[in-house]
Amino acid sequence: METLSAASGGVPRVFSVIRALGAVQAEGGRVTQIARSVGLTQATTHRLLQSLMAEGMVEQDERSKLYRLSIDFFALAASAGNPGDLRSICRPVLLRLCASLGDSIFLLARSGFDAICLDRSEGPFPIRSFTGDIGGRIALGVGQGALAILAFLPEAEREEVIRFNLSRVREYGVYDEVYLRTEIERVRQAGYAGRNTGLLEGMAGVAVPILDREGRAVAALSVGTIADRLNADRMPTVVELLKREAAAIGPKINPFDATLRRPAQSLAGSPAGQRISLPEPPGPAA
């Protein structure tokens, strides 16, 4: 036992205990269990746990005597996080896609039962979108970006959103539950949401989900353009570019990013960040 070197002042031992606690965070862990997991004696493990408790990083249930990482530990992790929020991470991506494709690019993020436009890069072709400018929102399931997010939510969340939003999407006149579920399944099979025609004649859109490290859809990259530019020949190229960028964004997402919890508030400092009403009539782009 005592396989972890003390050459670094016990730091490797401390982090081995933290990692072991993280693995049993849901149910908690006993000293004997943690000691066996990290290869230390029970006495050494107990001493490390007590030190971590003194620093507020670990807590122990008084009745069960089980140890868990504390709220303070997760608060510390949240304050550190990654250096950039989702919008900052994606801004270069939007500019790059806009330049390479020559079309308008949107970043949408989930906000409860809605998708909200966090950012956009304007292409040369005049279009209309469901979300309008930055800060605009639309019900999940309406438009390609919001549909891509909805399709790749965990099943239980997806069902709850469908139940809540069904009456909202019906307001667009072409949605019913069968149609919506058919579209969701089509998007899940294809890995993207794309139409070269929509509610406004001549408009087109395609979107892919941005998945976090656990595979949950938290946002979407969407292209909005005119139908002639998103024909069957060009669609695969656009989809491939979007998927490649979305796949690169996923691992960079900070799970503690406040933008993912409160996307509208993250736009408070932006001139275009005020919530806007839905444009009438809406188009299919974002």
Going by the rule side chain to side chain donor-acceptor pair (under 3.5 Å), which residues pair with Glu160 if we only count those two or more places apart in sequence or in a different chain?
Arg163

Partner set under side chain to side chain donor-acceptor pair (under 3.5 Å) for Gln189, not counting sequence neighbours:
Glu185

Tell me, please, which residues at least two apart from Leu166 pass side-chain contact (heavy atoms from CB on, under 4.5 Å).
Val169, Arg170, Glu177, Leu180

Tell me the salt bridge (Lys or Arg N to Asp or Glu O under 4.0 Å) pairs involving residues 89-103, sequence neighbours left out?
Arg91-Asp119, Arg96-Glu245, Asp103-Arg229, Asp103-Arg234

For Ser37 and Ala20, work out which heavy atoms get closest and say how close.
OG-CB, 3.9 Å

Using side-chain heavy atoms (C-beta onward) and a distance below 4.5 Å, is Ser111 in contact with Arg137?
yes

Going from CD1 on Ile184 to CZ on Phe152, what distance comes out if it is rounded to the nearest 0.5 angstrom?
11.0 Å

Which atom of Ala248 lies closest to which atom of Pro251, heavy atoms considered
O-CD, 3.5 Å

Test your reading of the model: is there a side-chain donor-acceptor pair from Ser70 to the backbone of Met57, 3.5 Å cut-off?
yes

For the student: nearest non-hydrogen atoms of Cys117 and Phe106, plus distance
SG-CD2, 4.1 Å

Listed by chain and number, what are the side chain to side chain donor-acceptor pair (under 3.5 Å) partners of Tyr192, not counting sequence neighbours?
none

side-chain contact (heavy atoms from CB on, under 4.5 Å) involving Gln25 - partner list, sequence neighbours excluded:
Arg68, Leu69, Phe74

Euclidean distance, Cys90 SG relative to Ile105 CD1, rounded to 0.5 Å
12.0 Å

Interatomic distance, CG@Leu230 vs CD@Gln144, rounded to 0.5 Å, equals 9.0 Å

Run the side chain to side chain contact (heavy atoms under 4.5 Å, CB included) check on Arg13 and Val38 step by step: do they pass?
CA-CA 8 Å; Arg13 296 180 176 187; Val38 300; over 6 Å; no

Residues Leu108, Ile116; criterion side chain to side chain contact (heavy atoms under 4.5 Å, CB included); working and verdict:
CA-CA 5 Å; Leu108 281 76; Ile116 186 168; over 6 Å; no

When rounded to the nearest 0.5 angstrom, what distance separates CG in Leu107 from CD1 in Ile134?
9.5 Å

Using the side-chain contact (heavy atoms from CB on, under 4.5 Å) rule, pick out the option among Thr45, Leu49, Val24 that qualifies with Tyr67.
Leu49

Could you measure the distance from the OG atom of Ser51 to the NE2 atom of His46? Nearest 0.5 Å is fine.
10.0 Å

Compare every heavy atom of Ala204 with every heavy atom of Ala227, then report the nearest pair and how far apart it is.
CA-CB, 3.7 Å

Please evaluate residues Gln60 and Lys65 with respect to the criterion side chain to side chain contact (heavy atoms under 4.5 Å, CB included), reporting the C-alpha separation (whole Å), side-chain torsions for both, the decisive distance (0.1 Å), and the verdict.
CA-CA 6 Å; Gln60 184 183 29; Lys65 303 302 181 183; 3.7 Å; yes

Are side-chain heavy atoms of Asp85 and Asn254 found at a separation under 4.5 Å?
no

Residue set satisfying salt bridge (Lys or Arg N to Asp or Glu O under 4.0 Å) with Glu157, at least two apart, ordered chain then number -> Arg110

Tell me, please, which residues at least two apart from Ser64 pass side-chain contact (heavy atoms from CB on, under 4.5 Å).
Asp61, Leu66

Apply side chain to side chain contact (heavy atoms under 4.5 Å, CB included) to the pair Leu221 and Leu97, showing each step before the final yes or no.
CA-CA 10 Å; Leu221 288 175; Leu97 285 170; 4.2 Å; yes

State which residue, out of Leu153, Ile149, Leu140, fulfils the side-chain contact (heavy atoms from CB on, under 4.5 Å) condition with Arg158.
Leu153

For Arg186, what residues pass the salt bridge (Lys or Arg N to Asp or Glu O under 4.0 Å) criterion, not counting sequence neighbours?
Glu183

For Arg168, side-chain contact (heavy atoms from CB on, under 4.5 Å) partners two or more places apart:
Phe113, Asp114, Ala139, Phe164, Asn165

The reported gap from CG in Leu242 to CD1 in Ile210 (rounded to nearest 0.5 angstrom) is 9.5 Å

Do Leu95 and Leu86 belong to the same hydrophobic cluster, where Ile, Leu, Val, Met, Phe, Trp and Tyr are linked whenever their side-chain heavy atoms lie under 4.5 Å apart, directly or via other members?
no

If you count the non-hydrogen atoms of other residues, nucleotides and ligands that lie under 6.0 Å from CD in Glu27, is the total more than 12?
yes

Using salt bridge (Lys or Arg N to Asp or Glu O under 4.0 Å) as the criterion, list what pairs up with Glu240, not counting sequence neighbours.
none

Distance-minimising heavy-atom pair for Gly215 and Leu211:
O-CD2, 3.9 Å

Would you call Leu118 and Pro263 a side-chain contact if the rule is heavy atoms closer than 4.5 Å?
yes

I need the minimum non-hydrogen distance between Gly102 and Pro124, along with the two atoms involved.
O-CD, 3.0 Å

For Glu214, the salt bridge (Lys or Arg N to Asp or Glu O under 4.0 Å) test, sequence neighbours excluded, returns Arg216

Side-chain contact test, heavy atoms from C-beta onward, threshold under 4.5 Å: evaluate it for Leu101 versus Leu241 and give yes or no.
yes

Would you say that Phe73 contacts Ile18 through its side chain, given a criterion of any heavy-atom pair below 4.5 Å between the two side chains?
yes

